[in-house]
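Heads up, the thing below is written out as structure tokens.
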Amino acid sequence: MNRRRFLKTTTVTGAGLLAIPGSAFAAGRAPSDRLNVALIGVWGRGQSHQGGMSSENVVALCDINENHLAEAARKFPNAKTYVD
């Protein structure tokens, strides 16, 4: 294998791995590989982070507004909820 072929192969492989979404790798993860996460403030900026945390283990939700908390609890039914 010459240098040009090697560089071409590694470039194509690297670009292919970048095109695969991260959620494709999350499905085969062991439970011990998932983070335990708590969301404090589930509306506004906290709501924008909920999609990225869907592959992790969300264990607790906290918000002062019970309506917003209920909406987040529907997305993460196993999480404990706290109003503070």
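A search for side chain to side chain contact (heavy atoms under 4.5 Å, CB included) contacts involving A38 returns A60, not counting sequence neighbours. Residues that satisfy the side chain to side chain contact (heavy atoms under 4.5 Å, CB included) test with N78, not counting sequence neighbours, are absent from this structure.
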Check residues 69-77 and write down every donor-acceptor pair under 3.5 Å in which the side-chain atom is one partner and the other belongs to a residue at least two apart or another chain.
{"unit_1": "E71", "atom_1": "OE2", "unit_2": "Q47", "atom_2": "NE2", "d": "3.4"}
{"unit_1": "K75", "atom_1": "NZ", "unit_2": "Q50", "atom_2": "OE1", "d": "3.0"}

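Note that CG of D33 and OG of S55 are 11.0 Å apart. Values are rounded to the nearest 0.5 Å. Interatomic distance, CG of L61 versus NE2 of H68, reported as 13.5 Å (0.5 Å rounding).
Tracing side-chain contacts under 4.5 Å through hydrophobic residues (I, L, V, M, F, W, Y), one never reaches V59 starting from L35; they form parts of separate clusters.
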Step by step, would you call W43 with D63 a side chain to side chain contact (heavy atoms under 4.5 Å, CB included)? CA-CA 8 Å; W43 196 250; D63 201 293; 4.3 Å; yes
